[in-house]
Amino acid sequence: MTMKRLSIAEALRECIRGEMRRDERVFCIGEDIAVRGGWGGAFTVTLGLEKEFSDRMINTPISENGFFGVALGAAMMGLRPIADVQYADFALLAMDQIVNQIAKMRYMSGGKLTVPVTMRAPVGVTGRGAQHSQSLEPFLLPAPGIKIVCPATAYDAVGLLRSAVRCDDPVMMFEHKLLYGSKGARAESGAIDASSEIPEEDYVVPIGRAVVRREGADVTVIATLLMMHRSLQAAALLEQEGIDVEVIDPRSLVPFDWDTVKASVVKTGRVVIVEESPKRNGVGAEIAATLAEEMIDHLTAPIKRVAAPNTPAPFAPPMEEYYVPSVERIAEAVRQVTSY
Amino acid sequence: MTMKRLSIAEALRECIRGEMRRDERVFCIGEDIAVRGGWGGAFTVTLGLEKEFSDRMINTPISENGFFGVALGAAMMGLRPIADVQYADFALLAMDQIVNQIAKMRYMSGGKLTVPVTMRAPVGVTGRGAQHSQSLEPFLLPAPGIKIVCPATAYDAVGLLRSAVRCDDPVMMFEHKLLYGSKGARAESGAIDASSEIPEEDYVVPIGRAVVRREGADVTVIATLLMMHRSLQAAALLEQEGIDVEVIDPRSLVPFDWDTVKASVVKTGRVVIVEESPKRNGVGAEIAATLAEEMIDHLTAPIKRVAAPNTPAPFAPPMEEYYVPSVERIAEAVRQVTSY
Amino acid sequence: MSPTGYGPDFLLDLYRQMVLIRHFEERVKYLFLEGVMPGTIHQCNGQEACAVGVCAALEPADVITSTHRPHGHALAKGITVVEAMGELFGRTTGCCKGKGGSMHLGDLAKGMVPAIAIVGGGIPVATGIALAFKMKKEKRVAVCFMGDGATNEGAFHEGVNMGAIWTLPVVYVVENNLYGASTPVSWVVRTKTISERSRLYGIPGVTIDGNDVLAVYVAAKKAVRRARTGKGPTLLELMTYRITGHSRRDPALYQPEEEKKRALENEPIGRFAKYLLDRQLADQRRLDQIAEEVDQEIEAAVEMALAAPQPKPEDTLQDLFVA
Amino acid sequence: MSPTGYGPDFLLDLYRQMVLIRHFEERVKYLFLEGVMPGTIHQCNGQEACAVGVCAALEPADVITSTHRPHGHALAKGITVVEAMGELFGRTTGCCKGKGGSMHLGDLAKGMVPAIAIVGGGIPVATGIALAFKMKKEKRVAVCFMGDGATNEGAFHEGVNMGAIWTLPVVYVVENNLYGASTPVSWVVRTKTISERSRLYGIPGVTIDGNDVLAVYVAAKKAVRRARTGKGPTLLELMTYRITGHSRRDPALYQPEEEKKRALENEPIGRFAKYLLDRQLADQRRLDQIAEEVDQEIEAAVEMALAAPQPKPEDTLQDLFVA
Ligand SMILES: Cc1ncc(C[n+]2csc(CCOP(=O)(O)OP(=O)(O)O)c2C)c(N)n1
Ligand SMILES: Cc1ncc(C[n+]2csc(CCOP(=O)(O)OP(=O)(O)O)c2C)c(N)n1
Ligand SMILES: [Mg+2]
Ligand SMILES: [Mg+2]
């Protein structure tokens with residue numbers, strides 16, 4: 001079994017290439033994804049794919065609501081679109097097609113049709129101000145009918161994208177700008193290495209399965225994407241203080257792997273949930289609420305959520321730094337719940 | 001002080017009329033709001049207002065994203081629009097203008113401008129299937145920059161709308177189709193009487209202030225809109241079983257009146273949160289999460305959320321009845337937490 | 001009226017379909033007002049020639065999208081009265097097993113996507129259906145029904161533009177009934193016709209008498225052929241009128257009496273009956289017989305629907321995901 | 001070139017503004033590549049005549065909306081170099097106190113809404129600004145800057161349609177630089193010009209050489225007069241070219257070399273310099289002097305910005321709500 005070390009952007013590109021070779025029903029649709037001399041979408045994921053798949057890289061006008069609807073129509077006819085927006089913020093323009101149509105169509109049909117649409121959207125606060133920074137997970141979690149995945153490593157990105165493309169249900173994949181490892185003109189300052197050894201073989205990461213990134217006995221930290229990496233850094237820091245942190249990466253938000261999380265909570269009795277969105281009704285709200293409903297007898301300290309404040313993302317670096325949960329803020333939250 | 005008994009639809013109509021008389025900057029914008037022989041929006045709220053305010057009832061094309069953007073532009077120039085969508089579901093078409101523009105504009109300007117936009121949207125599952133039934137609260141709670149109110153009575157509808165129109169910030173008011181008391185061709189089957197005695201004088205209900213609808217010692221039930229009424233019915237039922245239920249109507253979701261809720265939790269130690277949305281990341285998620293973070297030592301039983309299942313709204317009546325939390329389901333949840 | 005040369009079977013079938021839709025709507029309205037039928041309804045009385053004329057130009061494998069006002073489209077595309085009535089009653093025998101209801105009638109097996117009740121929402125979807133046909137090199141055509149009001153939605157602009165730039169096999173059919181809900185089209189559209197809007201996208205647009213079923217059929221046939229032969233979309237504007245309320249109990253007081261009166265004189269079924277009688281393609285007895293057959297079919301469907309099983313409450317939890 | 005009859009002060013001011021914008025962009029690019037300036041940037045090199053020509057036709061009380069590429073619009077509408085540079089550096093002296101950044105430059109006090117970086121997002125907003133002017137019976141005009149790519153967004157359709165049906169005092173300005181990001185306009189628009197799209201809404205549309213600052217000024221003047229006198233919107237398409245990357249370090253490899261070369265020969269500042277020199281409205285020394293003054297102004301602004309206070313971290317929590 002040969003392996004290659006790939007960044008998330010590279011790994012996704014090779015994964016899409018492989019899926020398009022494997023299944024001619026798979027195609028890509030989005031803005032700036034198929035221009036020679038262009039960037040392969042906003043973060044180089046589809047770079048160069050138009051050379052091999054000239055007919056299956058549909059480069060759209062700037063019409064987000066429109067092309068998500070197009071993806072839906074094509075999917076109902078048996079194709080398997082991968083639709084991407086350049087920034088998750090722009091998916092707000094397509095909320096009708098995503099939430100009212102894509103998510104509900106199978107249900108409204110009485111289960112008679114399938115909607116195998118894969119959607120991709122980059123999230124994260126990265127120096128671009130309020131309209132290019134949102135983590136859209138909280139806006140899609142309340143929408144029944146869409147599976148949601150959030151890979152933090154290249155290995156998971158490939159495995160989850162394969163699962164998504166092969167799944168007959170709509171799947172939204174949120175990717176983090178600072179984890180892509182995009183290169184050249186599209187490199188990001190502040191990027192973190194999320195590359196992995198990618199096996200040659202055709203593996204998948206099942207949707208709905210969490211992974212324990214680090215085992216620990218004292219406290220359970222739950223985080224995805226960039227916050228997962230920062231949580232691992234915080235855990236390393238806390239180790240020196242004698243705090244043994246378990247870090248769980250849910251990887252999928254819908255369906256959510258409650259078994260893994262609950263098993264950890266039984267063990268540690270303490271929970272910190274970290275996310276990059278504003279706190280109100282974020283990802284952590286549902287996790288904390290469910291644990292409060294179902295696990296209260298196992299909790300030996302109050303649950304703690306670490307999140308952005310309830311404001312849009314500010315531009316200036318000192319404010320942005322304050323806005324996004326830092327390693328130190330995560331560590332401090334862990335200290336609080338362990339010293340409760 | 002003279003009073004008139006008015007339904008919510010009538011009370012809102014008189015309130016809007018009063019605000020438009022008081023302040024010539026106030027105007028209404030939306031679909032089918034100003035047609036003679038029409039219905040005054042989808043639920044008769046603006047019925048006939050075009051006779052008195054022919055220049056200030058802006059009847060738009062079917063262009064939701066567009067007219068919310070128009071409202072924003074007009075508001076920045078000093079007018080005070082009241083924009084409404086016919087069903088909250090359609091606000092998903094306007095999420096860019098609502099979430100990316102209206103909510104962020106003041107913040108992005110560094111606090112230099114104001115966005116006095118009032119928005120109104122009818123919610124509730126009412127026999128119309130999956131695309132005319134959503135409660136949109138969960139989709140706006142994660143968007144910083146919008147205040148959210150949910151009046152359950154005509155008194156509150158007037159008081160909160162006055163506050164909203166006079167407030168320099170964007171306010172979204174969710175109204176419930178079954179509480180309007182709309183008449184004639186627009187009457188709803190299954191409607192509940194939410195009418196109130198409306199004082200003549202110019203009162204307001206401050207945004208961010210909850211109300212205890214029923215005092216009780218054993219358990220705190222938190223609910224807005226239709227679910228508040230059903231919770232009161234459940235409380236009446238449970239009284240006969242010797243369970244003393246406190247029912248809190250937050251009325252505002254942003255800002256949220258934590259003081260009132262927490263005081264109640266200190267007293268009862270038990271919490272049931274009821275809502276009409278699918279459970280995942282609903283209104284109850286944030287309330288439960290916050291209580292789990294801040295009030296865990298006061299809780300003598302697990303928090304319980306009563307909500308719709310994580311599916312779109314089905315059409316057929318037996319399924320719809322199962323979908324929307326009933327008085328009995330609320331009562332059963334209360335019994336569970338009190339017998340814990 | 002329209003060019004002749006059609007056989008009487010074909011013409012009488014068009015007639016039968018229009019009568020079926022009209023009587024279906026009338027029966028449904030009655031059931032609704034009686035309180036027997038749940039939900040809300042948007043009916044197409046007066047617009048039958050649009051659904052029937054367009055769908056007559058389609059193959060079974062062609063696919064339509066529809067709107068909040070889908071009953072006529074469904075029946076014209078081959079959904080049976082039993083399947084439609086079952087769905088309106090929310091029974092398991094309905095074409096969406098009771099999950100959809102009136103506003104989401106449809107069945108892909110019959111070439112109809114569950115109707116999309118978000119105004120304009122079907123336009124990008126139909127475009128995507130056509131994209132799939134083109135990519136799969138299938139000679140099928142997508143037809144997108146919409147109202148005049150829908151042409152002001154952003155989705156119209158985005159969807160039609162993509163259909164145009166990619167030269168897709170799709171026909172955009174605008175049933176212009178002069179009102180978007182209660183709002184007159186003249187308030188919200190400044191051009192004389194809606195079909196002119198097609199020029200913006202570089203595709204042909206035509207305005208047709210939408211109450212003349214044969215004119216509709218001829219124009220649709222042409223647009224469908226254009227689509228099927230790879231020449232791209234057409235915007236077909238069908239001038240018609242809704243001779244009932246917008247929904248439920250709407251008395252449509254915003255429609256001027258004079259206008260309503262003219263519309264009643266111009267409604268498509270009476271006009272087509274006259275056409276058939278004038279040319280002796282049928283006699284009154286035959287037309288009456290059709291009406292009677294149709295009524296029997298509807299009545300049987302009502303009875304079947306009322307006798308059909310209701311979904312179980314917990315069926316709510318089914319049909320969301322495949323796995 | 002364009003009609004004359006303008007005083008040299010006016011013409012030299014147009015020149016000065018264009019040079020200011022160009023040099024501002026060049027300095028900013030350098031600061032950005034050096035890593036001194038935070039964030040991302042979208043620059044308007046080559047498109048200066050659009051911003052300057054249009055804004056020269058406006059009164060201070062008129063209001064513009066802008067896009068992800070707003071530096072030129074901001075400077076042309078009267079935001080000072082100090083305020084703009086301060087914002088790009090995220091300082092409290094910036095026109096948005098560091099909350100906005102490059103993509104949200106603006107200040108209503110100067111008649112510019114904080115720029116809207118959602119493509120097409122400003123179109124309904126500008127329409128609403130114009131609605132307010134009309135309702136308040138103020139003789140002010142709204143101008144909406146957008147790119148060619150933005151005209152495919154639903155927001156374009158909805159916004160321009162409302163401007164048209166209500167006859168609002170608004171000018172829709174399309175800077176057609178032949179690309180939406182990397183995508184050629186010919187891939188996504190089927191009509192020859194974008195200004196033709198105006199016909200869909202029943203308003204006038206014209207296509208102008210957007211690298212000819214006087215032609216832009218004349219056309220804008222006319223459209224603004226039309227708006228101000230209550231005759232409604234105009235769609236103004238300005239043909240131009242971006243002679244820098246789309247953003248940040250983009251090498252713009254999708255722009256053919258030949259096309260780039262022609263564009264450089266056709267860029268607006270060189271052309272206008274030649275116009276001024278040919279007509280002896282200025283000599284080279286005067287033009288050099290302008291460049292030097294402008295550079296000093298920019299340099300001073302950079303220094304001020306670098307010396308200006310950063311926002312405090314907790315300032316993040318301010319400015320969301322009034323109360
Ligand atoms: C996005 C959206 N906005 C508003 C509505 C409410 N609504 C239902 S039908 C209708 C009018 C539609 O007009 P038109 O497209 O002309 O179709 P018609 O009703 O005339 O058949 C409106 C406004 C809706 N269903 N969807
Ligand atoms: C709604 C939305 N979709 C996509 C983008 C990403 N994006 C930023 S600029 C741009 C191209 C815009 O093209 P155009 O309108 O022609 O303006 P130009 O960049 O040429 O000035 C795109 C796709 C965005 N900012 N907003
Ligand atoms: Mg209509
Ligand atoms: Mg462009």
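Throughout, a chain's letter reflects where its sequence line sits, starting with A, and its residues are numbered from 1.
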Side chain, backbone, both or neither of A:Y107 within contact of chain B (heavy atoms, under 4.5 Å) | side chain
Between B:A301 and chain A, which part of the residue has a heavy atom less than 4.5 Å away: side chain, backbone, both or neither?
-> backbone
Measure the shortest side-chain to side-chain distance between A:I146 and A:I98 over non-hydrogen atoms and say whether it is less than 4.5 angstrom.
-> yes
Residue from A:A143, A:A94, A:P142, A:P302 scoring the most non-hydrogen pairs under 4.5 Å with chain B is A:P142
Pick from A:L291, A:D297, A:V283, A:N65 with the largest number of heavy-atom pairs that fall under 4.5 Å of chain B = A:D297
Closest-packed option against chain B by number of heavy-atom pairs under 4.5 Å, given A:A288, A:A292, A:G110, A:A313 | A:A292
Relative to chain B, which of A:E64, A:R280, A:M95, A:M108 shows the most heavy atom pairs under 4.5 Å?
-> A:R280
May I ask you to name which of A:D89, A:N100, A:L93 has the most heavy-atom pairs under 4.5 Å with chain B?
-> A:N100
Go through the steps to decide whether B:T126 and B:H132 satisfy the test side-chain contact (heavy atoms from CB on, under 4.5 Å), and finish with yes or no.
-> CA-CA 8 Å; B:T126 53; B:H132 287 69; 6.0 Å; no
Selection from B:P314, B:G284, B:P312 maximising heavy-atom pairs under 4.5 Å formed with chain A | B:P312
Scanning both residues in full, the closest heavy-atom pair of B:Q131 with A:Q101 reads NE2-OE1, 2.8 Å
Go through the atoms of A:I296 and report whether side chain, backbone, both or neither lie under 4.5 Å from a heavy atom of chain B.
-> side chain
With no hydrogens and no angle check, is any side-chain donor or acceptor of B:R209 less than 3.5 Å from a backbone partner on B:D257?
-> no
Can a salt bridge be assigned to the pair A:E293 and B:R305 using a cut-off of 4.0 Å between side-chain N and carboxylate O?
-> yes
Please flag which part of B:Q134 lies under 4.5 Å from any non-hydrogen atom of chain A: side chain, backbone, both or neither.
-> side chain
Are the side chain of A:S133 and the backbone of A:V125 linked by a donor-acceptor contact shorter than 3.5 Å?
-> no
Toward chain B, the part of A:L299 with a non-hydrogen atom under 4.5 Å | side chain
Interface check, chain A: of B:N281, B:V99, B:D96, most non-hydrogen pairs under 4.5 Å belong to B:N281
Do A:E276 side-chain atoms and A:M227 backbone N/O form a donor-acceptor pair below 3.5 Å?
-> no
Of A:V254, A:I287, A:I273, A:V271, the largest count of non-hydrogen pairs under 4.5 angstrom with chain B goes to A:V254
Whether A:R270 side chain and A:V337 backbone form a donor-acceptor pair below 3.5 Å | yes
Hey, does the side chain of B:D168 reach the backbone of B:T114 with a donor-acceptor pair shorter than 3.5 angstrom?
-> no
Side chain / backbone / both / neither for A:T311 at chain B, heavy atoms under 4.5 Å | both
Whatever's closer than 4.5 Å to a heavy atom in chain B on A:P278 counts as side chain
Ion pair present between A:E332 and A:R329, side-chain N to carboxylate O less than 4.0 angstrom?
-> no
